[in-house]
Amino acid sequence: MNKAFDIAIESLASPGATAPAPSTSTSSPAASPHPRHPNAAPGKSFYLETFGCQMNVHDSEKVSGVLLGRGYRAVESPAEADLVLYNTCSIREKAAQKVFARLGDWKTTSQNKIIGVLGCVAQQEGEEIFERAPWVSLVCGSASYRRLPDLVAELESGGRRVTGLDLDTEETFETEITRRDNPFRAYLTIIEGCDYSCAYCVVPLTRGPERSRPSGSILSEVRRLAAAGYTEIQLLGQTVNSYRDPSAPKLNFVDLLYAVAAVPGIRRVRFTTSHPNDFTREIVQAIDSTPALCDHIHLPVQSGSTPILRAMRRTYTREEYLEKIAWIRAARRPISLTTDIIIGFPGETEIDFAGSLSLLDALQCDGVFSFKYSPRPNTPARDMPDAIPEEEKSRRLAILQEHQRLIQIARNDLLVGSQFEVLVDARHAGRDQWAGRTTSNRVVNFTSPRVNLLGEYVQVRIARAGPNCLVGEHLV
Ligand code: SF4
């Protein structure tokens, strides 16, 4: 799990958890019948590989919808496809390198194929991608996805190179069709872009300014998803709780949470990722009073040291963050907390690092996503003095992860003997176990005498606990 910004997390599973992340392949469950675009491309096929966070995963679901609507069919491997797309992540250097390695695979074999780069690397590198990989034909950042149908049409009619790199937009990316790859949890982006300017983060540069989606359109989609059988919705945004309805009801984020939770058929509503600055008591009160709002909050802190938070431009202090945690801990309903920490930000001293360790003790999180700082192009932190050597970052990261592992072991041990409702989303045939998640987003692996549980809500008693998951048995 590698992420160092608020666009949450490849998955909110704790590291090492055994339930699967949502599939990013385009091969899984059939989507509903797709109306064809008038200029569709029947017989053409596409392959789309996704890197990075849940926002990217969901963007890919919508991009797939656009292509299916044009008559394309999804195939299992890039070799079979007419159109090969990579939806990329540039949050860490390694992720960006991986994309260029993939593009390199096509250097001598791209004839008769259209190769495209989408997402953050596309936005960041722009037309330079054509220089580095001249066999690429499409480069499109996420803020321009609404233009994708036109860009694809241009390629279909013989265009050699097309780009969508405009960041100056007030629109969000909505599609008539979304190919949802996770049959149990439906992702739904409610806000795109980011108006913060954290010193280490490429998101404002790659995803553009903050744009919220009208509440009417969100709620219609939730109703459609409920009618299609989805019971769990995950609202997405880089700073999801900054949501501001651009349309007449002018719902704020909490109003929207209540409205989504009230849609008949919806049993679980999650949201990620929250920014501490916009995190209010009303969010906690909503969770406390509404069982359908999941009892889990992911609130990235990034450092336990106020001077480092200031250098990161995080807009809050350690004390202000802890004040918000006190609201969460004061709720009547126990709420699970997870966070993100960056290790080795420029200038981080031993004292600052000790502050992050002591913060973990104070927070008692059920999962922490921790990362070594890696400088990214065009970000203010890139040229900051006092860079921390890689070995030192690794040393601190190992210490922090072990510290948190012990916290999780102790916390999960307390859950042995308790009972949870689990939405079953996987089967581990080799271990003869099922897997799923609690409302608090804990991963539970369990045995059952039943033969098919996928998609069901079941009661599980916890018999054992590890740092990253619980193990139990189905209470039939
Ligand atoms: S700039 Fe925005 S997306 Fe990036 S870490 Fe800051 S709040 Fe999160």
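Counting starts at 1 for both ligands and their atoms, following the listed order.
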- Below 2.8 Å, any N, O or S contact between Cys201 and atom 4 (Fe) of ligand 1?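 Yes, since at least one N, O or S atom of Cys201 sits under 2.8 Å from atom 4 (Fe) of ligand 1.
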
- Task: Report the part of Pro204 in contact with ligand 1, treating N, CA, C, O as backbone and CB onward as side chain, heavy atoms under 4.0 Å; options are side chain, backbone, both, neither.
- Result: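 For Pro204, only side-chain atoms sit under 4.0 Å from ligand 1.
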
- Classify the contact between Cys194 and ligand 1 as side chain, backbone, both or neither, using a heavy-atom distance cut-off of under 4.0 Å.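 For Cys194, the contact with ligand 1 is made by the side chain alone.
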
- Item | Between Phe271 and His298, ring centroids under 6.0 Å |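 For Phe271 and His298, the ring centres are not under 6.0 Å apart.
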
- Message: So that I know where these two stand, are Tyr243 and Phe253 an aromatic pair - ring centroids less than 6.0 Å apart?
- Response: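 No, the ring of Tyr243 stays outside the 6.0 Å limit from the ring of Phe253, centre to centre.
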
- After noting the C-alpha distance and the side-chain angles of Arg213 and Glu192, does the key distance pass the salt bridge (charged side-chain N to carboxylate O under 4.0 Å, His left out) rule? CA-CA 8 Å; Arg213 186 176 164 189; Glu192 295 175 16; over 6 Å; no

- Assign the ring pair Tyr187 / His58 to parallel, tilted or perpendicular, where the plane angle (0 to 90°) is split at 30° and 60°.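 Taking His58 first and then Tyr187, their aromatic rings sit tilted (interplane angle of 30° to 60°).
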
- CD (Glu350) with more than 12 external heavy atoms under 6.0 Å: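 Enclosed.
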
- State if Arg207 counts as touching ligand 1 under the rule of any non-hydrogen atom under 4.0 Å.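 Flag not set, Arg207 not near ligand 1.
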
- Item | Residue Thr239 vicinity, atoms of ligand 1 by number, heavy atom under 4.0 Å |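 The list of qualifying atoms is 7 (S).
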
